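One structure is given here, and the rest of the page talks about it.
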Amino acid sequence: MVDISRGSTLGGSGASELFQLLRDGLPRTRTELAATTGLARSTIALRVDELMSLGLISPVGDAQSTGGRPSSQFALNPSARFVLAADLGATHATIAVTNLSGTIVGEMTGPINIADGPETVLTWMVDTGRALLEQHGLSTADVIAIGIGLPGPVEHSTGRPINPPIMPGWDQFDVPEFVRQHLEVPVLVDNDVNIMALGEQAFGWPQTDNLLFVKVATGIGAGVISGGRLLRGAQGIAGDIGHVRIPRGEGVACHCGNRGCLEAMASGPAIARALAETGLGDGTASSVIALVKHGNIEAIQAVRQAGRDLGEILTACVSLMNPSVIAVGGSMAVVGDHLIAGVREVIYARSMPLATSRLTIAQSSAGVNAAVLGASILAIHHALSPEGIDRMVL
Ligand SMILES: [Zn+2]
């Protein structure tokens, strides 16, 4: 089970309505709820009844031991509703159905081409979601929200991609509106790195309020969780570290139009291109991974240098946000310790001792499921927020 109780991560009001307390799945009595909230017991009783009638909480525990008296403890009923989660990449996608605890009930991965445009890709997503629900004896009526991750910048408040470089036809497309034509539920959209950060935190570091998730793949980007909240910034591109200049990149052209960008030196394709110029590999990121796994010294050194390049930029991030965890994920993270070792080398050498005294730099623990878990958390958080629960009551 994934800890999705930390509603504040996504910027919730923190008002902690009764249900927000019960979202962690731990059973509580009415007396405990009254004591924690400071609300009158009569108010608690009304709210408990309301949540019970929605099926969102159910009695647990002590019915037997109290000799037939009704149970006095209540907890989240994770199977009361479900969400659809979609991780849409450039060339492949994962769709999952999860319960309200973020546990994956069913999952399907398939090839897509994001450049086919939003109508084609989103229709496929909806059809696949329906098929998954049917396979598990569920229907669209069981779904309370949909979370979608896209491989480009997204204005989270509207769910519209903004100038996404690898997604022709998607710019400003109203993703929630299109999906709601098929499934009449709230649709939450964010960029892939942000949802990976959410998934990584929930899966691997549930007690951590300050986490930086770094994706190293075709591109490089970071998802920032600070003070327990996902930081999106003014335009939703907070954490877009791929196009910060690094000294070693002097003069090297980047696809963004600038020179010397981190991404032009340390992304999967950049490492592959540099190795191919020396006659190693076929110029693809997967050939780099294969070379490293076979112990090729040149490939290992190239990956370690990419880690150092990344470390240069992350050192500045450490100074700025003082994270306690830096998790490195994305397809290049599977090369293992060599990339991380380069990152550590630079950050530990350059940061102030206090900033690194309790800093963990590690490979992503959520792995390939980080994105789809994060998309599910995005949807669950919205659906179970005080506003979401209010919508259900109405
Ligand atoms: Zn660039």
Side-chain angles (χ1 to χ4, degrees), residues 88-91 114-115 149-156 160-172 190-197 212-224 231-278 281 283-289 302-321 326-333 335 339 342-343 346-347 350 371:
L88 304 179
T91 56
I114 201 84
L150 292 174
V154 174
E155 187 180 65
H156 178 66
R160 293 171 186 262
I162 307 294
N163 293 321
I166 60 164
M167 300 167 63
W170 289 77
D171 186 27
Q172 300 285 346
D190 211 329
N191 76 63
D192 54 355
V193 188
N194 279 352
I195 62 167
M196 288 168 96
L212 195 58
F213 177 88
V214 186
K215 179 188 176 187
V216 185
T218 306
I220 295 176
V224 184
L231 294 188
R232 295 192 172 89
Q235 267 72 46
I237 57 165
D240 193 5
I241 59 172
H243 301 281
V244 179
R245 183 175 164 278
I246 56 167
R248 195 172 73 89
E250 185 69 48
V252 177
C254 177
H255 63 88
C256 74
N258 266 325
R259 289 180 179 275
C261 299
L262 174 65
E263 196 166 294
M265 300 303 292
S267 64
I271 302 169
R273 205 163 41 241
L275 282 175
E277 281 167 11
T278 68
T284 62
S286 50
S287 75
V288 176
I289 292 164
V303 166
R304 191 161 179 133
Q305 181 57 47
R308 290 188 197 105
D309 294 338
L310 197 55
E312 299 264 349
I313 306 307
L314 293 179
T315 299
C317 299
V318 166
S319 295
L320 195 65
M321 65 167 284
I326 296 178
V328 182
S331 57
M332 285 308 289
V335 295
L339 185 71
V343 173
V346 174
I347 292 180
R350 300 273 183 82

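Counting begins at 1 with the first residue of the sequence. Ligands are counted one by one from 1 in listed order, and the atoms in each one are counted from 1 as well. Note that the structure is predicted; figures quoted are calculated from it, not measured.
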Quiz item: Among pairs that include at least one residue of residues 160-172, which meet side chain to side chain donor-acceptor pair (under 3.5 Å), considering only residues two or more places apart or in two chains?
Solution: Arg160-Asp174

Quiz item: Is the closest side-chain heavy-atom distance between Met265 and Gln305 below 4.5 Å?
Solution: no

Exercise. Name all pairs fulfilling the salt bridge (charged side-chain N to carboxylate O under 4.0 Å, His left out) condition that reach into residues 247-258, sequence neighbours left out, sorted by first residue then second.
Key: Arg245-Glu250, Arg248-Asp309

Practice problem: Please list, in chain and residue-number order, the protein N/O/S atoms closer than 2.8 Å to the Zn ion (ligand 1). | Solution: His243 ND1, Cys254 SG, Cys256 SG, Cys261 SG

Exercise. Kindly write out the residues that satisfy ring pair (Phe, Tyr, Trp, His ring centres under 6.0 Å) with His243, not counting sequence neighbours, or none if the list is empty.
Key: His255

Quiz item: Is Cys317 close to Ile241 at the side-chain level, that is, under 4.5 Å between some pair of heavy atoms?
Solution: yes

Quiz item: Are Met332 and Val288 close enough that some pair of their side-chain heavy atoms sits under 4.5 Å apart?
Solution: yes

